[in-house]
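Working notes for the structure below.
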Amino acid sequence: MSAVEVPIVKVGDSIPEGITLWTSSNSHDKDACALPQKTSTTELFKGKRAVLVGIPIPFSPTCSIQQLPGFVAKAAELKAKGVEAVAVVNCYDVFVQDAWGKAQGAAAANIVMLSDSNGDLLGPLGLTQDLSKGPLPLGARVSKRFAIVIDDLKVTYVGIDPKGFEASSVESVLAHL
């Protein structure tokens with residue numbers, strides 16, 4: 001392993017406390033993004049059973065047609081299985097997350113939309129990728145497609161989809177609760 005490679009988070013690892021992430025105030029104004037607000041991994045995950053969902057590109061087909069809509073549609077099933085928080089994160093800015101969350105109905109399902117634009121959480125967890133090369137450059141730091149189940153900051157399930165969409169689906173998460 002080279003010095004720049006970071007091990008990927010695995011079952012039994014802990015989510016680091018105190019990492020700052022950005023969310024929005026869940027404004028219901030459909031014509032404007034809400035005001036950014038700081039939150040932290042401690043506030044979101046300590047003492048809770050939660051699901052953290054990583055999406056590579058907001059508004060892209062797989063993210064917008066399958067991944068996030070599945071979590072919105074099955075939010076009640078997740079809650080019935082003891083999940084207290086569902087958060088969707090990517091490396092784009094909080095305004096993109098807010099607009100995408102509104103377009104997907106995330107607030108109505110109590111899903112928190114998070115921005116980790118500096119990669120402060122996803123980078124150390126090994127959950128970013130470089131998509132800056134190729135026919136459609138999408139960014140040098142982009143979230144991997146993943147779903148993680150967290151129980152009081154401890155990782156109990158990790159589903160990563162390097163290609164395609166299966167391990168990070170809401171069905172896979174439900175099967176591991």
Side-chain angles (χ1 to χ4, degrees), residues 6 9 13-60 62-64 67-79 81-129 131 138-158 168 170 173:
V6 176
V9 65
D13 288 350
S14 294
I15 298 296
E17 291 192 58
I19 302 292
T20 298
L21 299 166
W22 290 91
T23 188
S24 62
S25 60
N26 281 331
S27 164
H28 296 288
D29 183 348
K30 65 180 175 57
D31 296 324
C33 289
L35 296 174
Q37 295 181 348
K38 285 184 182 182
T39 189
S40 73
T41 50
T42 306
E43 181 180 341
L44 292 164
F45 306 127
K46 188 171 179 99
K48 298 176 187 169
R49 190 174 206 194
V51 177
L52 180 63
V53 180
I55 59 97
I57 311 293
F59 294 103
S60 67
T62 302
C63 297
S64 294
Q67 193 174 17
L68 182 52
F71 284 92
V72 169
K74 296 196 177 195
E77 289 180 49
L78 292 163
K79 186 175 181 179
K81 288 201 168 203
V83 173
E84 299 167 75
V86 177
V88 175
V89 65
N90 67 37
C91 296
Y92 287 85
D93 65 74
V94 68
F95 299 108
V96 170
Q97 275 295 80
D98 182 67
W100 188 52
K102 284 178 182 175
Q104 292 288 321
N110 292 315
I111 294 174
V112 178
M113 303 301 286
L114 298 173
S115 169
D116 184 21
S117 56
N118 291 330
D120 295 332
L121 174 63
L122 299 181
L125 295 178
L127 294 173
T128 61
Q129 58 190 331
L131 297 180
L138 297 171
R141 184 184 310 135
V142 176
S143 172
K144 292 181 180 179
R145 185 179 315 283
F146 69 85
I148 297 175
V149 177
I150 303 164
D151 195 351
D152 191 20
L153 295 168
K154 287 284 187 200
V155 174
T156 61
Y157 171 74
V158 178
S168 63
V170 70
V173 168

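In what follows, residues are counted from 1 in the order of the sequence shown. Just so we're clear, the structure is a prediction, and the values are computed from it rather than from any experiment.
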- Candidate pair V86 and V112, rule side-chain contact (heavy atoms from CB on, under 4.5 Å), full reasoning: CA-CA 6 Å; V86 177; V112 178; over 6 Å; no
- Message: Evaluate L153 against E17 for side-chain contact (heavy atoms from CB on, under 4.5 Å), listing each step before the verdict.
- Response: CA-CA 8 Å; L153 295 168; E17 291 192 58; 3.3 Å; yes
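- Here the side chains of W100 and I55 are in contact, with some heavy-atom distance below 4.5 Å.
- Inter-residue side-chain proximity for V155 and I15 is flagged as met; some heavy-atom pair is nearer than 4.5 Å.
- Here the side chain of T23 pairs a donor or acceptor atom with the backbone of M113 at under 3.5 angstrom.
- For the pair I111/F71, a side-chain contact is recorded, criterion being any heavy-atom separation below 4.5 Å from C-beta on.
- The distance from atom OG of S40 to atom CG of L21, rounded to the nearest 0.5 Å, is 7.5 Å.
- Closest of all the heavy-atom pairs between G54 and Q67 is O-NE2, 3.3 Å.
- Here the OG-CG distance, from S115 to L121, works out to 11.5 Å after rounding to the nearest 0.5 Å.
- No donor-acceptor pair closer than 3.5 Å links the side chain of R141 to the backbone N or O of Y92.
- Atom CZ in F95 sits 9.0 Å away from atom CH2 in W22 (nearest 0.5 Å).
- Formation of a donor-acceptor pair under 3.5 Å by the R49 side chain with backbone atoms of V149 is not found in this model.
- Using modelled atom types, no side-chain atom of T128 and backbone atom of L122 make a donor-acceptor pair closer than 3.5 Å.
- Counting heavy atoms from C-beta on, the side chains of D120 and T20 never come closer than 4.5 Å.
- Of all heavy-atom pairs between N90 and Q97, the closest is ND2-OE1, 2.6 Å.
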- Task: For D152 and K48, run side-chain contact (heavy atoms from CB on, under 4.5 Å): C-alpha distance rounded to whole Å, both residues' side-chain angles, the deciding distance at 0.1 Å, then the answer.
- Result: CA-CA 5 Å; D152 191 20; K48 298 176 187 169; over 6 Å; no
- Query: After noting the C-alpha distance and the side-chain angles of F45 and L52, does the key distance pass the side-chain contact (heavy atoms from CB on, under 4.5 Å) rule?
  - Reply: CA-CA 9 Å; F45 306 127; L52 180 63; 4.0 Å; yes
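- At a threshold of 4.5 Å between non-hydrogen side-chain atoms, the residues P16 and L125 count as touching.
- Side-chain N or O atoms of S117 include none that pairs as donor or acceptor with a backbone N or O of D93 at under 3.5 Å.
- Looking only at side-chain heavy atoms (C-beta outward), V53 and V89 stay at 4.5 Å or farther from each other.
- With hydrogens and angles ignored, the 3.5 Å screen pairs no side-chain donor or acceptor of D151 with any backbone N or O of K154.
- Note that NZ of K46 is 13.5 Å distant from CD1 of I150, once rounded to the nearest 0.5 Å.
- For the pair I148/L127, a side-chain contact is recorded, criterion being any heavy-atom separation below 4.5 Å from C-beta on.
- Residues V142 and C91 come closest through the heavy atom pair C-SG, 4.2 Å.
- Taking CD1 from I19 and CG from L114, the interatomic distance works out to 13.0 Å, rounded to the nearest 0.5 Å.
- Considering only heavy atoms from C-beta on, P56 comes within 4.5 Å of Q129 through its side chain.
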